[in-house]
Amino acid sequence: MKTLYLECDMGAAGDMLMAALYELLEDKAAFLRTMEGLGLPGVHLEAQAAATCGIAGTHMAVTVDGQEEMDHEHAHGHDHTHEHGHAHGHEHDHAHGHDHAHEHHHHATPGHIGAIIDSLSLPQEVKAHARGVYDAIAQAEAKAHGCPVGDVHYHEVGALDAVADVVGVCYALYLLQPDQILASPIHVGSGTVRCAHGVMPVPTPATAALLTGIPTYGGPVQGELCTPTGAALLSHFASSFGPMPLMAVEAVGVGIGSKVFPQANCVRAFLGESAAPANGEIVELVCNIDDMTPEALAAACSRLLELGALDVYTTPGTMNKGRAGHVLTVLCDRQQEAAMARHVLEQTTSNGLRARRCGKYFLTPQMDQVQTQWGTVRVKASRGYGVTHIKPEHEDIAALAQRSGVPYRCILEDVQRKL
């Protein structure tokens, strides 16, 4: 299974995630050309070679009208003054707040940002993900500041900078097409961050809202390591958070922030193959039986299937005192465990049983058809994990053979040729 694992030991920001994914792309120049051709007003991306604590990587410099937004999203971790968003007419810390050297008087609402994303010349899947990420940011900002989502405003320059980060990450993931995206627990930093109207704790309220339910931790590093943009992207795309799984790594991307810390300030993206996880869960109910006749045990197995068991089977075994008996195994869904255990005790002479909860790997079934000169034959197809099993329906072939007087083998061979 093609797996992307994001290591967030120094948090995450939009530009750092984009830089790490950029390093994994086969055609990096095409990615930059596409991003440049999106038509975001005044926005320019430059992939700059960089290093942190001796680790080489890429810093993705995003400029708007020639100026890089040297805020927490790019400097990544230093105290700064947010003078960029407002709700209910009040200035406040915002996910993409910037300390500008010049004045910006234009503002954008979440609806305006959504319209910009919808207008971009990108696959619909990319735009849908970008809208989802930005909607999550707007909702977190509104919750943090106690206002309706519609009252959240962004300075236009800061918003364009952040749109480039979000869209860039979504587009890079579209090009990479991983089967699953996993991430480490997220280092959020510690201390405080200075805002236009005061000092706020790290993580900021918006970031904390976006990371609800996700494993995070602080530490001795002072500063805002995980930005709202980084938090929104990780919560949107990562299916789980924990240690790196067992995987054969084929490529590593390193996205580097601008701020210098005693430890490497980067996000690392590992791309490789991991074992496919179980795509379901099943319960095995097992008991030993040595005092039922074969006829009674067969009747019990049939009844358990009627009561909803997925499968029932017996294997011969030697029981207490050397008596010959059978090991009865009943398979069922997790939700059926208690009820099916009671059914087993009702239908057999066993006084107890064992329950085993197991991961279940299975191919997804579907029914196809093959047209022969004698008629239609249904074909059972099961697919998954890069594997396909195909089996013609025995009853259909047998019925056609009987009706047409043609040997079973001839119809089977014809179906197999067509498959």
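Computed over heavy atoms, backbone and side chain alike; hydrogens, waters and symmetry mates excluded.
For D135, there are no side-chain hydrogen bond (donor to acceptor under 3.5 Å, both in side chains) partners, not counting sequence neighbours. Remark: H236 pairs with H129 by the side-chain hydrogen bond (donor to acceptor under 3.5 Å, both in side chains) rule, at least two apart or across chains. By the side chain to side chain contact (heavy atoms under 4.5 Å, CB included) test, S190 is found to be paired with Q222, residues two or more places apart in sequence or in another chain being considered.
Two residues are said to be in side-chain contact when any heavy atoms from C-beta on lie closer than 4.5 Å; L225 and F261 meet this criterion. Looking at N265 and V260, their side chains never come closer than 4.5 Å, going by heavy atoms from C-beta outward. In this structure the side chain of H394 never reaches within 4.5 angstrom of the side chain of P392, judged on heavy atoms. For the pair C170 and F237, the minimum side-chain heavy-atom distance is below 4.5 Å. Looking only at side-chain heavy atoms (C-beta outward), S350 and N288 stay at 4.5 Å or farther from each other. Residues K391 and V379 have side chains not in contact (no heavy-atom distance under 4.5 Å, counting atoms from C-beta outward). A heavy-atom distance below 4.5 Å is found between the side chains of V370 and L419. The closest side-chain heavy-atom distance from T315 to T329 is not below 4.5 Å.
Considering every non-hydrogen atom in both A232 and V133, the closest pair reads CB-CG1, 3.8 Å. Scanning both residues, V62 and D165, for their nearest heavy atoms gives CG2-OD1, 3.5 Å. Closest of all the heavy-atom pairs between L363 and H389 is CD1-ND1, 3.6 Å. Closest approach of P228 to T204, counting heavy atoms only: CG-OG1, 4.4 Å. Nearest heavy-atom pair across I282 and C332 is CG1-O, 3.3 Å. The two atoms that bring A136 and L210 nearest to each other are O-CD2, 3.5 Å, heavy atoms only.
The aromatic rings of F31 and Y22 lie tilted to each other, with the angle between the two planes from 30° to 60°.
A salt bridge does not link K28 to E23: none of the charged nitrogens lies less than 4.0 Å from a carboxylate oxygen.
Sorted by first and then second residue, the salt bridge (Lys or Arg N to Asp or Glu O under 4.0 Å) pairs involving residues 363-384 (not counting sequence neighbours) are D368-R383, R378-D396, K380-E393.
Rounded to the nearest 0.5 Å, atoms CG (D414) and OG1 (T372) are 5.5 Å apart. Between the CG atom of L21 and the CE atom of M16 there is a distance of 12.0 Å, given to the nearest 0.5 Å. Note: L328 CG to I289 CD1 = 4.5 Å, rounded to the nearest 0.5 Å. With rounding to the nearest 0.5 Å, the separation of CG in L412 from CG in L400 is 12.0 Å. Taken to the nearest 0.5 Å, the CD atom of Q402 stands 11.0 Å off from the CD1 atom of I411. The distance from the NZ atom of K143 to the CD atom of Q139 is 10.5 Å, given to the nearest 0.5 Å.
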Donor-acceptor list for residues 301-314 side chains, cut-off 3.5 Å, not counting sequence neighbours:
unit_1, atom_1, unit_2, atom_2, d
S302, OG, A298, O, 3.2
R303, NH1, E306, OE1, 3.0

What donor-acceptor contacts under 3.5 angstrom involve side-chain atoms of residues 117-126, with partners at least two apart or in another chain?
unit_1, atom_1, unit_2, atom_2, d
D118, OD1, R131, NH1, 3.4
D118, OD2, R131, NH1, 2.7
S119, OG, I116, O, 2.7

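Although no hydrogens or angles enter the test, the distance criterion places a donor-acceptor pair under 3.5 Å between the side chain of E273 and the main chain of M1. Side chain of Y5 to main chain of L182: no donor-acceptor pair is present (N/O by atom type, distance under 3.5 Å, no hydrogens or angles). Under the 3.5 Å distance criterion, the side-chain polar atoms of H59 are matched with a main-chain donor or acceptor of I256. Using a distance-only test at 3.5 Å, with no hydrogens or angles considered, no donor-acceptor pair links the side chain of D333 to the main chain of Q336. With E36 contributing its side chain and L45 its backbone, the two residues share a donor-acceptor pair below 3.5 Å. Between the side chain of S239 and the main chain of I181, a donor-acceptor pair closer than 3.5 Å is present. Side-chain atoms of T52 never come within 3.5 Å of backbone atoms of I55 as a donor-acceptor pair (strictly under, hydrogens ignored). In terms of modelled atom types and a separation under 3.5 Å, the side chain of T207 and the main chain of P203 share no donor-acceptor contact.
Within 6.0 Å of the CD atom in E26, the count of heavy atoms belonging to other residues, nucleotides or ligands does not exceed 12. Heavy-atom contacts from other residues, nucleotides or ligands closer than 6.0 Å to OH of Y408 number more than 12. Counting heavy-atom neighbours within 6.0 Å of K2 NZ, excluding the residue itself, gives a total above 12.
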Test V188 against L211 for side chain to side chain contact (heavy atoms under 4.5 Å, CB included), laying out the working first. CA-CA 10 Å; V188 296; L211 294 178; 3.8 Å; yes
Going through the distances and angles, do R334 and E281 end up as a salt bridge (Lys or Arg N to Asp or Glu O under 4.0 Å)? CA-CA 7 Å; R334 279 192 63 183; E281 195 170 50; 2.7 Å; yes
Report task. Please test H187 against V221 for side chain to side chain contact (heavy atoms under 4.5 Å, CB included), starting from the C-alpha separation and ending with a verdict. Result -> CA-CA 9 Å; H187 188 179; V221 178; 3.9 Å; yes
Applying side-chain hydrogen bond (donor to acceptor under 3.5 Å, both in side chains), run through Q180 and T3 and close with a yes or a no. CA-CA 5 Å; Q180 64 173 347; T3 297; 2.9 Å; yes
Check the pair Q369, T376 against side-chain hydrogen bond (donor to acceptor under 3.5 Å, both in side chains), reporting the backbone distance first and the verdict last. CA-CA 7 Å; Q369 290 185 342; T376 301; 5.1 Å; no
Using side chain to side chain contact (heavy atoms under 4.5 Å, CB included), reason through V43 and T63 one step at a time and then give a plain yes or no. CA-CA 6 Å; V43 175; T63 58; over 6 Å; no
I would like to know whether V406 and W374 meet side chain to side chain contact (heavy atoms under 4.5 Å, CB included); could you show each step before the answer?
CA-CA 9 Å; V406 176; W374 303 283; 3.3 Å; yes
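Residues Q366 and S382 have side chains that never bring a donor and an acceptor to within less than 3.5 angstrom of each other.
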